[in-house]
> 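The structure under discussion is supplied below as C-alpha cells; questions concerning it will follow.
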Amino acid sequence: MDHFMRNRFLIGMLVAVSCVFIGSLVPTADKAHGEVTSGPQQRSFEPSTVPVLRDISATLHQIDGRLARLETVVRKLQASTAAKPASLRGAESN
C-alpha cells in the first residue's frame, strides 16, 4: 500500500511540474504588440482660432459691463434701504 501511495504522489508531482512548465511557455494575453506613432504636432493658436478668441473676449467684456451695472444698482438699493428710518423698514416687511 505504501508503494502505491508513493507512486500516486510522484505521478501527481510530475503532472504539476509539467503543467507549470507548459504554462510558462504559453504567451500571455496581457502583452500588446504594435507600434506607437505620434501624430503631427498642433500649434496652440492657429490663425483660424483668432476670430473665435476675439468673439470670446468681446462676450466677456459685455458680461463684465453688465455685472458692473448690476453691482451699481445693488449698492444704490442697499444705500437707500440703510437711509430709511427703522420704523419704515419694519412696516414694509409686514
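For the numbers below, each heavy atom of this structure counts, side chains included, while hydrogens, waters and symmetry mates do not. Here the structure is a predicted model, which is why all the values come from computation and not from measurement.
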> State the CD-CD distance between Glu71 and Gln78, to the nearest 0.5 angstrom.
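The CD atom of Glu71 sits 10.5 Å away from the CD atom of Gln78.
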
> Can you measure from CG (Asp64) to OG1 (Thr59) and round to the nearest 0.5 angstrom?
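One finds 12.5 Å between CG of Asp64 and OG1 of Thr59.
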
> Atom CG in Asp2, atom CG in Asn7: separation rounded to 0.5 Å?
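Taking CG in Asp2 and CG in Asn7, the distance rounds to 10.0 Å.
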
> Output yes when a side-chain donor or acceptor of Thr81 lies under 3.5 Å from a complementary backbone atom of Leu77, and no otherwise.
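Checking the backbone N and O of Leu77 against the side chain of Thr81, a donor-acceptor pair under 3.5 Å is found.
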
> Taking side chain as C-beta onward, heavy atoms only, is Phe9 less than 4.5 Å from Met13?
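Yes, at least one pair of side-chain atoms sits under 4.5 Å.
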
